[in-house]
Visitor: 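I'd like to ask you about the structure that follows.
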Amino acid sequence: MISAPPGGAAGYGRNSPAACGGCRVPSPCPEALGHRGRRADRPDRRRDRLPARTPEQTPDDARALAELQALAGVLSRSLTQLEYERPLTELPAATLAHHAKAVRRKVLELTTGSGQLPGREARKKLFSWSQGEGQEAFAAVAALRKVLVARLKENDAARLAAQQPAQRPAPAPPVQRGNGEILAAELAKALRENAPQGTETVVRAILVAGGEVYRGRNDGSALLDLTYAVVSHRTDRLETWTVGNCAEVHALDWFIHAQGFSTEAEVVAAFLNPPVAFPDSWIVAMDARGRDVRSWVKRTPCENCQQWLKALGIKADTKGAAS
């Protein structure tokens with residue numbers, strides 16, 4: 001907040017540019033009043049070793065005056081809080097207020113009114129006062145300054161955070177549903193759909209394997225040769241039945257087509273050979289029933305389908321199903 005006046009603590013140490021050649025006096029020696037205090041035949045080489053001061057180290061009068069006026073303003077705002085006995089440092093509020101008033105009074109004395117001095121001279125006077133009569137007050141104000149700087153940083157950080165767009169919470173990871181849960185949801189949705197009217201037998205099937213849904217109808221459409229082989233080789237015909245007229249078989253046909261299988265062994269391995277690629281696969285069937293108005297009704301797979309489903313390890317959902 002307050003640094004040494006231009007030239008360091010002028011005359012306050014033996015390393016000061018203003019200190020005399022052999023003087024060790026820590027307070028202003030006669031050199032500060034014009035006395036050179038060194039032998040005329042001994043050149044002062046120390047001046048050659050000292051770095052030149054930059055404008056940042058030695059502020060001009062206007063800058064120095066502005067710094068002092070800013071200090072007075074900070075102290076005035078601090079005194080407002082201290083009046084309500086709000087603690088700012090370890091010192092009691094009344095004690096800190098006493099010191100802050102002393103420093104502010106000295107700053108105003110040097111920077112305002114008839115006693116106003118040029119900025120750099122006012123800084124020098126204030127520094128000298130802080131090393132003597134005002135030392136205790138200045139130490140208290142230095143501690144206060146640390147607190148105020150920390151609060152300003154906190155306020156700036158809070159203001160910056162308030163200006164940032166609100167962070168949207170990360171989306172929750174999708175819930176992984178099992179094949180059985182997917183099948184139950186698909187079945188519930190299908191049963192609510194309108195069933196075709198008339199007297200023709202209409203059957204639908206839903207197969208869930210690997211989290212994907214495959215649907216089939218008993219519409220007599222052509223099957224893959226591979227599908228026909230997989231089913232016929234695992235079925236003893238217990239009912240009058242054609243492979244291509246079964247909704248469950250058509251659902252399996254869509255599955256085989258989607259996976260791109262080319263051999264019967266690949267299909268069997270997908271369901272049975274460890275590590276099983278499509279474990280816990282499920283299937284359900286429903287048909288349109290009713291006399292005047294038909295609706296979808298969950299049904300049990302026929303005896304032929306029960307055979308190849310069991311052979312492939314595909315579970316049939318028959319709970320509450322009609323025969």
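Everything numeric here is computed off the predicted structure, so don't read it as measured data. Just so it is clear, the values below take in all heavy atoms, side chains as well, and ignore hydrogens, waters and symmetry mates.
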Visitor: If hydrophobic clusters are built by linking Ile, Leu, Val, Met, Phe, Trp and Tyr wherever their side-chain heavy atoms come under 4.5 Å apart, do L71 and W129 end up in the same one?
Guide: yes

Visitor: Going through the checks in order, is the side-chain contact (heavy atoms from CB on, under 4.5 Å) test met by R237 and V243?
Guide: CA-CA 10 Å; R237 299 180 185 277; V243 174; 4.0 Å; yes

Visitor: Could you tell me whether the side chain of L68 reaches within less than 4.5 Å of the side chain of L110, counting heavy atoms only?
Guide: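 The answer is no; the side chains never approach within 4.5 Å.
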
Visitor: List in chain and number order the residues that pass side-chain contact (heavy atoms from CB on, under 4.5 Å) with E121, two or more places apart in sequence or in another chain; answer none if no residue qualifies.
Guide: L117, P118, K125

Visitor: Could you tell me if the side chain of L312 sits less than 4.5 Å from the side chain of V230, heavy atoms only?
Guide: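 V230 reaches L312 side chain to side chain.
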
Visitor: Could you verify whether a donor N or O on one side chain and an acceptor N or O on the other, from S323 and R299, lie under 3.5 Å apart?
Guide: no

Visitor: When you check the gap from the basic side-chain N to the acidic O, do K298 and D317 get nearer than 4.0 Å?
Guide: yes

Visitor: Would you say that Q259 contacts E266 through its side chain, given a criterion of any heavy-atom pair below 4.5 Å between the two side chains?
Guide: no

Visitor: Within the distance-only criterion (no hydrogens, no angle test), does the side chain of S232 pair as donor or acceptor with the backbone N or O of Y228 below 3.5 angstrom?
Guide: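 Yes; judged by distance alone, with no hydrogens or angles, the pair exists.
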
Visitor: Do the side chains of E264 and R234 get close enough for a salt bridge, i.e. N-O under 4.0 angstrom?
Guide: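 Yes, charged N to carboxylate O under 4.0 Å.
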
Visitor: Less than 4.5 Å apart, side chain to side chain, heavy atoms only: is that true for R217 and V202?
Guide: yes

Visitor: Is the backbone N or O of G244 less than 3.5 Å from a side-chain atom of H250, with the two atoms forming a donor-acceptor pair by type?
Guide: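 Between the backbone of G244 and the side chain of H250 there is a qualifying donor-acceptor contact (under 3.5 Å).
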
Visitor: Can you list every ring-ring contact (aromatic ring centres under 6.0 Å, His included) pair that touches residues 264-298, not counting sequence neighbours?
Guide: F255-F271, F255-F278

Visitor: F261, L272: one ILVMFWY side-chain cluster at the under-4.5 Å cut-off?
Guide: yes

Visitor: Checking D61 side chain against R120 main chain: does a donor-acceptor pair fall under 3.5 Å?
Guide: yes

Visitor: Taking all non-hydrogen atoms of both residues into account, name the closest pair between V203 and T201 and its distance.
Guide: CG2-CG2, 4.0 Å

Visitor: Are the side chains of Q131 and Q135 in contact, using a 4.5 Å heavy-atom criterion?
Guide: no

Visitor: Looking only at heavy atoms, what is the nearest atom pair of Y214 and A209, with distance?
Guide: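 Here Y214 and A209 meet closest at CE1-O, 3.9 Å.
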
Visitor: So, the side chain of H98 versus the backbone of A94: is there a donor-acceptor pair under 3.5 Å, distance only?
Guide: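 A pair under 3.5 Å: no.
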
Visitor: Is V213 close to L207 at the side-chain level, that is, under 4.5 Å between some pair of heavy atoms?
Guide: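 Result no, sub-4.5 Å side-chain heavy-atom pair not found.
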
Visitor: Take V249 and W308 through the test side-chain contact (heavy atoms from CB on, under 4.5 Å) and record every step on the way to the result.
Guide: CA-CA 9 Å; V249 175; W308 66 262; 3.9 Å; yes

Visitor: Output every pair passing side chain to side chain donor-acceptor pair (under 3.5 Å) with a member in residues 176-197, not counting sequence neighbours, ordered by first then second residue.
Guide: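 Counting only pairs at least two positions apart or across chains, the side chain to side chain donor-acceptor pair (under 3.5 Å) contacts touching residues 176-197 are E186-R215, E193-R204.
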
Visitor: Taking E109 for the side chain and G115 for the main chain, is one N or O donor matched with an acceptor at less than 3.5 Å?
Guide: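 No.
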
Visitor: Taking atom CD of E136 as the centre, does the number of heavy atoms from other residues, nucleotides or ligands within less than 6.0 Å exceed 12?
Guide: no

Visitor: Taking C-beta and beyond as the side chain, do T318 and P301 meet within less than 4.5 Å on heavy atoms?
Guide: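 Of all side-chain heavy-atom pairs linking P301 with T318, at least one is under 4.5 Å.
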
Visitor: Run the salt-bridge test on R289 and D287 with the 4.0 Å N-O cut-off and return the result as yes or no.
Guide: yes

